[in-house]
Amino acid sequence: MAHWLLKSEPDSYGWDDLVRDGGTEWDGVRNHAAAKHLRAMAVGDDAIFYHSGKDKAAVGIARIARAAQADGDEGWVSVRVEPDRSLPRPVTLAAMKAAVGLQDMAMLRQSRLSVSPVTDGEWTALMRLAGE
DNA sequence: GCCAACGTTGGC
DNA sequence: GCCAACGTTGGC
């Protein structure tokens with residue numbers, strides 16, 4: 001099972017919104033690298049939900065509830081995402097940068113990427129930081 | 001408010 | 001095909 005990281009600006013659509021809605025269509029992605037990751041997602045994959053902007057912290061774990069389908073007519077895709085659980089302790093960006101084993105995270109190396117892969121090792125390290 | 005990174009657009 | 005200009009994202 002693969003792991004991912006989804007980034008969102010909490011003022012536009014945050015973790016609380018996802019929990020309230022019980023899930024949402026992760027659409028509107030218009031970046032080829034991010035779209036490639038969306039296409040690689042499978043039902044049941046877990047995704048860290050990260051708040052950019054003021055929070056700058058991973059706050060929850062979401063699950064991919066449906067694989068990629070067309071989002072518009074130009075080859076872009078969207079997936080369905082549902083909330084799984086909140087993290088016992090949010091993991092801040094500063095904590096990720098400081099953590100051994102997370103320095104190479106795709107999200108840290110390319111900060112603008114809104115959808116990125118997380119390796120098994122990174123996932124384990126993140127869960128430890130999150131108090132899971 | 002500024003700047004770095006990165007993608008897109010358009011002139012040549 | 002190159003590159004300057006510009007827009008967007010996101011951290012500081």
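Just so it is clear: chains get the letters A, B, ... in the order the sequence lines come, proteins before strands, and each one is counted from 1.
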> Would you call A:R109-A:D104 a salt bridge at under 4.0 Å N-O?
Replying inline: yes
> Per the end-axis method with five pairs at each terminus, what is the bend angle of the helix from B:dG1-C:dC12 to B:dC12-C:dG1, to 10°?
Replying inline: 10°
>> I'd like to know if the side chain of A:R89 reaches the main chain of A:L129, judged simply by a donor and an acceptor atom lying under 3.5 Å from each other, with no hydrogens or angles considered.
In response: yes
> Would you say the side-chain atoms of A:S12 pair up with the backbone N or O of A:E9, donor to acceptor, closer than 3.5 Å?
Replying inline: yes
> Hey, does the side chain of A:Q110 reach the backbone of A:M107 with a donor-acceptor pair shorter than 3.5 angstrom?
Replying inline: no
> A:V59, A:L6: one ILVMFWY side-chain cluster at the under-4.5 Å cut-off?
Replying inline: yes
>> I need the CZ-P distance between A:R30 and B:dT9, as an integer number of Å.
In response: 13 Å
So which protein nitrogen or oxygen atoms get under 3.5 Å of nucleotides 10-12 of chain C's nitrogens or oxygens?
unit_1 : atom_1 : unit_2 : atom_2 : d
C:dG11 : OP1    : A:Y50  : OH     : 3.0
C:dG11 : OP2    : A:G53  : N      : 3.2
C:dC12 : OP1    : A:K97  : NZ     : 2.5

> Should the pair A:R30-A:D71 be classified as a salt bridge under the 4.0 Å nitrogen-to-oxygen rule?
Replying inline: yes
>> Please tell me if A:Q110 has a side-chain N or O lying less than 4.0 Å from either OP1 or OP2 of B:dG7.
In response: yes
> What is the distance, rounded to the nearest whole Å, between atom CG of A:L5 and atom P of C:dT9?
Replying inline: 17 Å
>> Parallel, tilted or perpendicular: which one describes the rings of A:F49 and A:W26, with boundaries at 30° and 60°?
In response: perpendicular
>> Assess, by modelled atom type and distance only, whether the side chains of A:D46 and A:W4 contain a donor and an acceptor separated by less than 3.5 Å.
In response: no
